[in-house]
Protein chains: 2
Amino acid sequence: MADLLDFGSTPLLSLLPEGVSGRLRAAASIVEYDDGETIHSRGDAKPGLSIIRSGAVRFANPGADGSYVTTSILGEGHCFGEATLFARLPRAYDAIAEGQTVIEQITKTRFDRIFNEEPELARALVVAMTQRLYSVLDFLEDVRRLPLDVRTAKLIAGMERTAKHSGAVECSQSDLAFTLGVSRVSIGKALARLQDEGLIELGYGRIGVPDRKNLSDWVAARLPVEPLTRGE
Amino acid sequence: MADLLDFGSTPLLSLLPEGVSGRLRAAASIVEYDDGETIHSRGDAKPGLSIIRSGAVRFANPGADGSYVTTSILGEGHCFGEATLFARLPRAYDAIAEGQTVIEQITKTRFDRIFNEEPELARALVVAMTQRLYSVLDFLEDVRRLPLDVRTAKLIAGMERTAKHSGAVECSQSDLAFTLGVSRVSIGKALARLQDEGLIELGYGRIGVPDRKNLSDWVAARLPVEPLTRGE
DNA sequence: CCCTAATTGCTAATTTCTTAGCATTCTGAC
DNA sequence: GTCAGAATGCTAAGAAATTAGCAATTAGGG
């Protein structure tokens with residue numbers, strides 16, 4: 001599954017002109033990871049940009065009680081490690097491959113050269129970071145003012161829109177609970193309510209969305225403000 | 001008071017070389033607002049970048065029940081409106097002047113010219129957006145795994161570090177409740193606990209921090225992971 | 001085809017947070 | 001100095017979420 005950062009923002013690679021993404025690829029060293037393999041750990045200091053060529057990456061940290069708290073999961077075309085370059089911070093999260101995953105690693109030195117010579121790169125990064133920031137802010141606002149069933153419905157609607165096979169979302173209830181930061185029991189109750197409304201169909205490791213528009217209309221009717229629509 | 005976005009990221013103006021901020025200022029029209037005056041409303045489509053020359057701006061939206069939910073407050077040197085430029089979205093929040101406030105408004109047309117001619121601007125924006133994104137992500141992670149009193153202590157510690165007069169934070173308990181997204185009663189209880197521990201001193205519209213290090217040590221001891229330290 | 005691990009569904013006790021009050025204290029304007 | 005508005009402190013009832021279980025179902029590997 002992917003999450004709000006993934007489907008809420010455009011992958012860096014699709015924001016870049018062919019020339020620049022080619023230069024990045026040429027400067028990168030390709031590393032392949034198996035499912036569950038650690039790409040880097042929180043605290044690692046080596047700066048650089050990473051781009052997900054295929055597969056997905058889970059970002060997580062150990063919680064207080066030994067549990068593992070997932071912050072986000074990014075898929076193909078997305079980049080990570082910006083903070084090591086622009087905020088000079090070490091890696092903030094453990095990064096773990098989800099499934100067979102190919103990563104392009106670009107060292108800070110090589111990145112800086114391309115960054116200085118290709119203004120399109122900075123432009124694309126600003127766009128990507130802005131979109132990510134606004135999806136997280138939007139999510140945070142939802143946490144503050146929407147009941148859990150509405151937030152759950154909104155998340156499912158968002159995931160379904162970018163899912164490979166439309167009409168359903170492939171993910172366990174535990175994954176949803178992680179993403180929304182609540183317990184599995186609470187998610188279970190919220191999902192049961194949504195199913196009672198006929199908005200979703202619960203399955204094993206998947207949630208069916210019989211009518212996309214129905215679901216998003218139900219969500220929209222419960223938002224305190226009109227959803228924004230992109231210009232042009 | 002300011003909030004996590006404000007003290008968690010560097011203002012755009014201090015990231016820009018003198019030349020570029022001068023060009024921006026020259027291209028801008030200066031608008032002055034009184035306390036409480038609306039700068040723009042959610043849904044406004046006119047794209048442009050705004051820079052806070054002095055004062056502060058509150059970003060908020062109407063909640064479901066007619067209440068007003070504040071998402072963030074930004075102070076001097078910070079910019080806003082990036083999403084209108086880079087995500088082609090209308091304004092996502094109502095923006096309201098906090099105190100006498102001076103704003104530089106730069107139209108999209110003028111901004112684009114400078115953005116294309118001054119690579120330093122894109123670089124500074126990437127840095128600012130990255131920092132903001134990571135402070136929000138950090139906050140979100142805290143929501144998921146820290147009890148309220150620790151989050152409250154962390155927020156106060158952060159605000160005190162950037163406060164004008166160190167040793168105290170000037171803000172009401174309602175403001176804290178807004179920022180943390182909880183009720184005033186819950187904040188009251190959390191603050192009472194922190195006062196019992198001798199970490200803070202409650203006052204009227206202010207919270208005293210007798211020993212900054214004491215407070216941050218107390219917080220650090222309750223974080224599940226080591227705090228990150230900036231390189232170099 | 002069977003068996004195991006993962007996932008879901010459900011319950012009950014407990015904790016935490018919220019809502020809705022109201023009394024008290026504080027500050028600054030007049 | 002007085003007074004009004006703002007802020008705090010406190011209470012109690014109710015809602016919502018959490019933890020800790022356990023049983024039933026499902027998918028996939030061997």
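Predicted model, so just to flag it, every value in this text is computed and none were measured. Numbers restart at 1 for each chain; the letters A, B, ... are given by sequence-line order, proteins then strands.
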Problem set entry | Contacts of type side chain to side chain donor-acceptor pair (under 3.5 Å), residue B:Asn214, not counting sequence neighbours | none
For this session: Would you please name every residue forming a side chain to side chain donor-acceptor pair (under 3.5 Å) with A:Arg25, sequence neighbours left out?
Result: none
Problem set entry | Residue pairs fulfilling salt bridge (charged side-chain N to carboxylate O under 4.0 Å, His left out) with at least one residue in residues 33-44 of chain B, sequence neighbours excluded | none
For this session: Give the nucleotide from the list D:dT8, C:dT18, D:dT18 with an atom nearest to the side chain of B:Lys189.
Result: C:dT18
Exercise. Once each nucleotide of nucleotides 20-30 of chain D is scored for protein heavy atoms under 4.0 Å, what B/S/- sequence comes out, 5' to 3'?
Worked result: BB----BS---
Problem set entry | Below 4.0 Å: OP1/OP2 of D:dT18 and any side-chain N or O of A:Ser186 | yes
Seminar exercise, completed: Sorted by chain and residue number, the side chain to side chain donor-acceptor pair (under 3.5 Å) partners of B:Glu104 (sequence neighbours excluded) come out as B:Arg53
Exercise. Once you round it to whole Å, what is the distance between P of C:dT15 and CG of B:Asp149?
Worked result: 16 Å
Seminar exercise, completed: Looking only at C:dT8, D:dT18, D:dA7, the nucleotide nearest the A:Ser172 side chain is C:dT8
Seminar exercise, completed: As a check of understanding: the bend across the helix from C:dC1-D:dG30 to C:dC30-D:dG1, end axes from five pairs, rounded to 10 degrees, works out to 40°
Exercise. Under 4.0 Å between a side-chain N/O of A:Ser174 and OP1 or OP2 of C:dT7, yes or no?
Worked result: no
For this session: Check whether any side-chain N or O of B:Gln173 sits under 4.0 Å from OP1 or OP2 of D:dG9, and answer yes or no.
Result: yes
For this session: Tell me what A:Gly205 touches on the nucleic acid: a base, only sugar-phosphate, or nothing, going by heavy atoms under 4.0 Å.
Result: sugar-phosphate
Problem set entry | ring pair (Phe, Tyr, Trp, His ring centres under 6.0 Å) involving B:Phe80 - partner list, sequence neighbours excluded | B:His40, B:Phe59
Seminar exercise, completed: Residues at least two apart in sequence or cross-chain that pass side chain to side chain contact (heavy atoms under 4.5 Å, CB included) with B:Pro147, listed by chain then number, are B:Asp149, B:Val150
For this session: Name all residues meeting the salt bridge (charged side-chain N to carboxylate O under 4.0 Å, His left out) criterion together with B:Asp138; count only those two or more places apart in sequence or in a different chain, and write none if there are none.
Result: B:Lys154
